Amino acid sequence: MELVEVLMNPVRQRIFQYLLVHETGTVKEIKKALPDIPGASLYRHVKILSDNGVLVVAGENRIRGTVESVYKLNRSALVLDDTDGSKIQMILMGISAAFARYFAQEQPDPHRDMLTVSGCTLTLTDQEFSDFLAEIGGVMTKYMQRTAEDGRKVRQVALISSPVQP
């Protein structure tokens with residue numbers, strides 16, 4: 001399975017985000033943070049991430065004769081080589097498919113669900129743009145740490161940047 005295909009799954013994205021924020025985690029810890037995902041499904045998705053090199057075992061906890069794996073992201077496996085743009089296009093099609101699924105619901109309500117698309121054009125040096133991305137990343141990380149409880153809804157946010165051709 002291609003890395004992009006592995007990461008396009010919404011459940012696997014949430015596992016990925018958990019480990020991005022917490023650095024390491026067991027399936028039990030991830031389950032606690034993502035209580036809406038059934039345990040069997042969570043184990044299956046962790047296995048897919050592990051089998052495809054996205055997750056590696058960082059350690060093990062011995063609990064009453066069993067071994068619990070502690071996972072972390074394999075950052076070296078996450079480098080996206082995409083000189084022809086096909087992988088980025090696949091990601092964009094996945095985002096488009098998520099919107100299509102949303103609007104195929106019985107009664108979609110973009111206002112109620114706070115569906116939003118926005119964009120702007122920035123004029124920045126490479127360093128300013130890097131600083132901008134780091135700042136946005138910090139804000140996203142702050143909110144990714146929240147768990148699915150207390151009336152919180154799971155929402156997906158994507159940041160896409162592209163060069164503007166004159």
Side-chain angles (χ1 to χ4, degrees), residues 1-106 108 113-117 133-134 136-161:
M1 194 179 301
E2 289 266 345
L3 179 61
V4 172
E5 291 175 86
V6 171
L7 295 177
M8 284 306 299
N9 179 280
V11 172
R12 292 192 288 268
Q13 287 176 358
R14 292 176 64 201
I15 296 166
F16 180 91
Q17 284 180 199
Y18 177 89
L19 293 169
L20 194 60
V21 170
H22 296 91
E23 295 188 26
T24 63
T26 63
V27 174
K28 184 178 177 182
E29 292 166 338
I30 297 168
K31 175 67 180 147
K32 185 176 179 183
L34 309 175
D36 57 311
I37 300 171
S41 179
L42 187 64
Y43 275 98
R44 189 177 84 253
H45 287 290
V46 166
K47 180 171 178 16
I48 290 168
L49 289 167
S50 181
D51 288 350
N52 285 277
V54 175
L55 301 183
V56 293
V57 176
E60 295 178 336
N61 297 329
R62 299 213 177 268
I63 303 169
R64 284 182 277 200
T66 63
V67 177
E68 177 184 52
S69 295
V70 179
Y71 295 96
K72 71 176 183 175
L73 293 175
N74 178 8
R75 294 185 185 267
S76 65
L78 300 174
V79 176
L80 188 64
D81 180 23
D82 192 28
T83 54
D84 67 356
S86 61
K87 292 178 176 120
I88 295 296
Q89 290 178 43
M90 190 172 180
I91 291 168
L92 292 172
M93 286 190 295
I95 292 169
S96 179
F99 276 95
R101 282 190 303 275
Y102 173 79
F103 284 107
Q105 293 180 88
E106 180 124 350
D113 296 329
M114 300 187 339
L115 187 143
T116 183
V117 176
L133 292 175
I136 288 174
V139 171
M140 291 173 89
T141 300
K142 172 185 168 185
Y143 287 96
M144 284 190 313
Q145 295 179 36
R146 304 211 174 160
T147 57
E149 57 189 19
D150 301 327
R152 292 186 179 126
K153 296 178 183 177
V154 177
R155 303 174 194 276
Q156 186 169 11
V157 176
L159 173 65
I160 302 168
S161 81

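Values below: every heavy atom of this structure, side chains too, minus hydrogens, waters and symmetry copies. Just so we're clear, the structure is a prediction, and the values are computed from it rather than from any experiment.
Other residues, nucleotides and ligands contribute over 12 non-hydrogen atoms within 6.0 Å of the CZ atom of Arg155. Summarising the local packing, CZ of Phe103 is surrounded by more than 12 heavy atoms from other residues, nucleotides or ligands at distances under 6.0 Å. Atom NZ of Lys72 has 12 or fewer heavy atoms from other residues, nucleotides or ligands within 6.0 Å.
Atom CG of Asp36 and atom NZ of Lys153 lie 13.5 Å apart (nearest 0.5 Å). Distance check, rounded to the nearest 0.5 Å: CZ of Arg44 to CZ of Arg12 gives 8.0 Å. Distance check, rounded to the nearest 0.5 Å: CE of Met140 to CD of Gln17 gives 7.5 Å. A distance of 10.5 Å separates OG in Ser41 from CG in Leu34, rounded to the nearest 0.5 Å. The CD1 atom of Ile30 sits 9.0 Å away from atom OG1 of Thr24, with the distance rounded to the nearest 0.5 Å.
When all heavy atoms of Ala158 and Ile95 are compared, the closest pair comes out as CB-CD1, 3.9 Å. Residues Gln13 and Leu7 come closest through the heavy atom pair CG-O, 2.9 Å. The heavy-atom pair separating Leu42 from Val27 by the smallest distance is CD2-O, 3.7 Å.
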Show me the donor-acceptor pairs within less than 3.5 Å that the side chains of residues 54-69 make with the rest of the protein, sequence neighbours left out.
{"unit_1": "Asn61", "atom_1": "ND2", "unit_2": "Glu68", "atom_2": "OE1", "d": "3.2"}
{"unit_1": "Thr66", "atom_1": "OG1", "unit_2": "Ile63", "atom_2": "O", "d": "2.7"}

Practice item. Might you work through the side-chain contact (heavy atoms from CB on, under 4.5 Å) test for Phe99 and Val117, ending with a clear yes or no? Key: CA-CA 11 Å; Phe99 276 95; Val117 176; 4.1 Å; yes

Practice item. Carefully, step by step, assess Leu49 and Tyr71 under the rule side-chain contact (heavy atoms from CB on, under 4.5 Å). Key: CA-CA 10 Å; Leu49 289 167; Tyr71 295 96; over 6 Å; no

Exercise for review: Give the C-alpha distance, both sets of side-chain angles, the deciding distance and a yes or no for side-chain contact (heavy atoms from CB on, under 4.5 Å) between Leu159 and Leu133.
Suggested key: CA-CA 9 Å; Leu159 173 65; Leu133 292 175; 3.7 Å; yes

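Thr141 places a side-chain N or O within 3.5 Å of a backbone atom of Gly137 that can act as its donor or acceptor partner.
Residue pairs meeting the ring-ring contact (aromatic ring centres under 6.0 Å, His included) criterion with at least one member in residues 15-68, sequence neighbours excluded: Tyr18-His22.
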